[in-house]
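Numbering of residues begins at 1 and proceeds along the displayed sequence. Given the structure is predicted, the values throughout are model-derived calculations rather than measurements.
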Amino acid sequence: MLESIQKADEFVRLHAREVNPEFLPKYHVTPPVGWINDPNGFCHWRGQYHMFCQFYPYRPVWGPMHWGHWVSRDLVRWDWVGVALAPDSPFDDQGCFSGTALPDGDRLILMYTGVHKNADGVSVQEQCIAETTDGVHFTKWACNPVIGAKDLPEGSSPRDFRDPKIMRTDAGYRAIVANKGETNGRQLSFSSSDLKHWTCDGVFLEGIGDMPECPDYFELDGKNVMITCAIGMQPDGLRFPGTQPVVYITGRESDGRLVPEVLEAVDHGREFYAPETVLTPDGRRVIVGWLNMWGCETPTQKLGHGWCGMYTIPRELSVRGGYLYQKPLEELKSLRGEEFGVRGVQVDGEAEIDGLNGRHYELTLDITPTEGNVEIRLMRTGGEYFAVRYNPATRIIECDRTRGGHKLGDENTGDTGAIMRAEVPGARRDLHLDIFVDTCSVEVFVNGGAATLSMLNYPKGGAQGISFAGRFAIDELNKWELA
């Protein structure tokens with residue numbers, strides 16, 4: 001085992017026991033210690049799901065990027081394997097940045113961005129490959145980088161050239177890589193017959209923000225789908241949340257380019273970024289994202305808890321009428337424990353339901369608005385709560401953590417993402433919500449996944465309460481404890 005990986009694994013082994021468990025989720029993926037951001041290399045190989053991560057073990061902050069590694073049989077229960085890659089080679093000594101995985105017979109191929117400084121001391125990003133035959137130990141190829149700055153077309157920035165999406169084609173292999181051009185961000189397409197020698201085939205997608213990083217590309221329900229993180233996307237009402245929304249494009253491919261037909265946000269919450277998808281053996285497309293955001297200092301960092309970063313629950317994707325829908329993965333039902341259910345509740349003002357409480361649960365509601373707004377208060381302790389509100393007149397749903405407990409973000413700038421909003425598509429008057437609450441997170445699925453909002457929330461109190469405010473009818477409510 002390489003000394004750098006052995007050192008990182010030993011640090012994890014010794015210090016994971018020191019992590020403060022106060023805000024550790026019960027059913028979300030989190031690092032054993034330290035920091036994680038983007039999920040990487042999400043794939044199914046040899047009867048197991050593999051998911052890697054951007055990982056810095058030594059502190060709960062972004063640092064020289066390693067790759068951590070989990071495996072799972074069901075996409076719900078994950079086992080930590082260890083550190084797969086460390087920044088220890090001339091082509092990646094500044095970091096092993098994001099990438100994807102490709103099952104290739106008896107071997108699993110990882111394609112990632114190696115960051116290093118060139119002869120002039122300038123940081124450059126180039127694409128590298130590592131492989132494994134046992135699923136644990138990874139060997140970086142001696143010919144790295146396989147796609148270098150020399151392979152970029154004129155006008156391309158080698159400083160912003162990252163996050164390869166590797167795929168198999170009839171002719172061999174393809175990689176779509178994010179890059180910053182002279183006038184805007186774009187994604188470049190490369191092809192190879194042997195994974196070692198690559199040719200740039202040109203621009204695959206452009207005009208989506210200043211830098212469309214973390215591309216994922218696949219076919220689903222008869223459409224070509226691109227998911228990417230659009231840094232510098234121009235605001236457009238509620239259509240794109242923040243300055244670097246995760247967006248999807250559905251369309252068709254023509255002459256080596258993606259021709260967009262629909263462009264929308266994947267998730268309208270504050271904390272959703274850098275998602276990757278996997279195709280399950282039974283043909284479902286499943287997505288997992290980083291449930292955090294850049295520039296958002298968390299209480300686990302401020303309070304010295306020793307960890308930062310988590311992933312969303314897995315979600316199954318579908319395309320309907322060109323639009324992307326998300327629903328919670330079916331296998332999550334295996335986590336359900338004690339059930340609580342009621343029907344025909346009228347809310348008039350502020351209301352609680354006897355016996356309805358919890359800390360880690362799934363909550364489904366069928367609601368018919370009657371007059372004014374709908375408000376659901378989660379993680380409640382007295383006047384502290386996380387609010388989910390719906391205005392039937394404007395068809396806008398919002399998540400609000402201003403009363404949620406600990407503040408997120410810089411002490412000077414405050415929590416710029418405390419309230420996030422989305423327009424609910426369609427014309428139906430009734431509202432169906434599927435809400436997943438864990439120790440420090442809330443994920444809201446609206447009307448079968450037509451809209452989603454993912455947020456962090458760190459309560460100071462016991463956060464067991466669930467209550468309601470407004471005037472509306474709860475036609476049916478079900479809650480399951482999750483563990």
Side-chain angles (χ1 to χ4, degrees), residues 28 238 241 265 267-272 291 312-313 315 326-328 340 342 345 347 349-353 356-405 408 415 417-426 428-459 461 463-480 482:
H28 286 75
L238 297 181
D267 190 291
H268 282 80
R270 167 61 175 162
E271 284 81 42
F272 183 89
L291 189 46
T312 65
I313 59 169
R315 308 163 179 192
Q326 302 174 68
K327 68 176 184 179
F340 177 94
V342 294
V345 176
V347 176
E350 295 190 11
E352 297 182 22
I353 298 174
L356 179 61
N357 53 62
R359 191 72 180 86
H360 317 95
Y361 54 87
E362 177 186 0
L363 177 68
T364 64
L365 302 111
D366 288 300
I367 290 171
T368 299
T370 55
E371 182 182 344
N373 293 349
V374 173
E375 181 168 311
I376 304 152
R377 297 174 178 176
L378 311 168
M379 294 183 167
R380 182 167 171 257
T381 307
E384 176 188 290
Y385 56 84
F386 181 100
V388 178
R389 300 189 187 94
Y390 176 63
N391 184 328
T394 61
R395 300 191 58 77
I396 290 174
I397 191 163
E398 73 175 25
C399 289
D400 179 357
R401 63 171 174 235
T402 54
R403 294 175 178 263
L408 281 79
D415 186 353
I419 302 176
M420 301 298 292
R421 299 181 175 93
E423 185 175 349
V424 178
R428 57 187 286 186
R429 177 169 170 74
D430 60 322
L431 183 71
H432 178 76
L433 299 177
D434 197 349
I435 303 173
F436 285 76
V437 174
D438 206 342
T439 312
C440 60
S441 65
V442 179
E443 293 167 81
V444 181
F445 298 79
V446 186
N447 289 352
T452 64
L453 299 96
S454 301
M455 302 276 283
L456 294 175
N457 189 67
Y458 294 83
Q464 294 279 340
I466 302 170
S467 63
F468 307 93
R471 288 179 173 82
F472 56 95
I474 301 176
D475 303 313
E476 183 172 356
L477 177 153
N478 292 284
K479 193 213 74 170
W480 296 268
L482 302 181

Any side-chain heavy-atom pair of Asn447 and Leu431 under 4.5 Å: yes
Check: Leu456 main-chain N/O paired with Arg401 side-chain donor or acceptor under 3.5 Å: yes
CA sep, side-chain torsions, deciding dist, call: Asp400, Arg421, salt bridge (Lys or Arg N to Asp or Glu O under 4.0 Å): CA-CA 9 Å; Asp400 179 357; Arg421 299 181 175 93; over 6 Å; no
Flag side-chain contact, heavy atom, 4.5 Å: Cys399 against Val444: yes
Shortest non-hydrogen separation from Ala422 to Leu238 and the atoms involved: C-CD1, 4.3 Å
Close side-chain approach of Leu408 and Tyr458, heavy atoms under 4.5 Å: yes
Polar side-chain atom of Thr381 near backbone of Ala463 as donor-acceptor pair, under 3.5 Å: yes
Phe340 side, atom CZ; Leu356 side, atom CG - distance, nearest 0.5 Å: 5.0 Å
Which atom of Asp430 lies closest to which atom of Pro369, heavy atoms considered: CA-CD, 4.3 Å
Check against side chain to side chain contact (heavy atoms under 4.5 Å, CB included), Phe468 and Ile466: CA-CA 7 Å; Phe468 307 93; Ile466 302 170; 4.3 Å; yes
Among Leu291, Ile435, Leu453, side chain to side chain contact (heavy atoms under 4.5 Å, CB included) partner for Glu443: Leu291
Asn357 backbone acceptor or donor facing Lys479 side chain under 3.5 Å: yes
Option among Thr312, Thr439, Asp438 that satisfies the side chain to side chain donor-acceptor pair (under 3.5 Å) test with His28: Asp438
Rounded distance (nearest 0.5 Å) linking atom CG of Leu477 with atom CD1 of Ile376: 8.5 Å
Inter-residue atom distance Trp480.CH2 - Glu362.CD, 0.5 Å rounding: 5.5 Å
Side chain to side chain contact (heavy atoms under 4.5 Å, CB included) between Met420 and His268, worked out: CA-CA 7 Å; Met420 301 298 292; His268 282 80; 5.9 Å; no
Salt bridge present between Arg403 and Glu384 (N-O < 4.0 angstrom): no
CG on Asp366 to CG on Asn478, rounded to 0.5 Å: 8.5 Å
Check against side chain to side chain contact (heavy atoms under 4.5 Å, CB included), Val437 and Leu363: CA-CA 8 Å; Val437 174; Leu363 177 68; over 6 Å; no
Backbone N/O of Phe386 and side chain of Asn457: donor-acceptor pair under 3.5 Å: no
Sub-4.5 Å side-chain heavy-atom contact between Ser454 and Glu271: no
Exercise: identify the closest heavy-atom pair between Asp475 and Thr368: OD2-OG1, 2.7 Å
Minimum heavy-atom distance Met379-Ser441, with the two atoms named: CE-O, 3.6 Å
Any side-chain donor near an acceptor of the partner, Gln326 and Thr452, under 3.5 Å: yes
Pairing of Glu423 and Arg395 as salt bridge, 4.0 angstrom limit: no
Interatomic spacing from OH in Tyr390 to CG in Asn373 - rounded to 0.5 Å: 10.0 Å
Distance in Å, Arg471 CZ paired with Glu375 CD, rounded so as to fall on 0.5 Å steps: 13.0 Å
Nearest non-hydrogen partners of Gly417 and Met455, listed with the distance: O-CE, 3.5 Å
Which atom of Arg315 lies closest to which atom of Phe445, heavy atoms considered: NE-CZ, 3.6 Å
Thr364 vs Asp434, side chain to side chain donor-acceptor pair (under 3.5 Å): CA-CA, chis, key distance, verdict: CA-CA 4 Å; Thr364 64; Asp434 197 349; 5.7 Å; no
Polar side-chain atom of Arg389 near backbone of Asn391 as donor-acceptor pair, under 3.5 Å: no
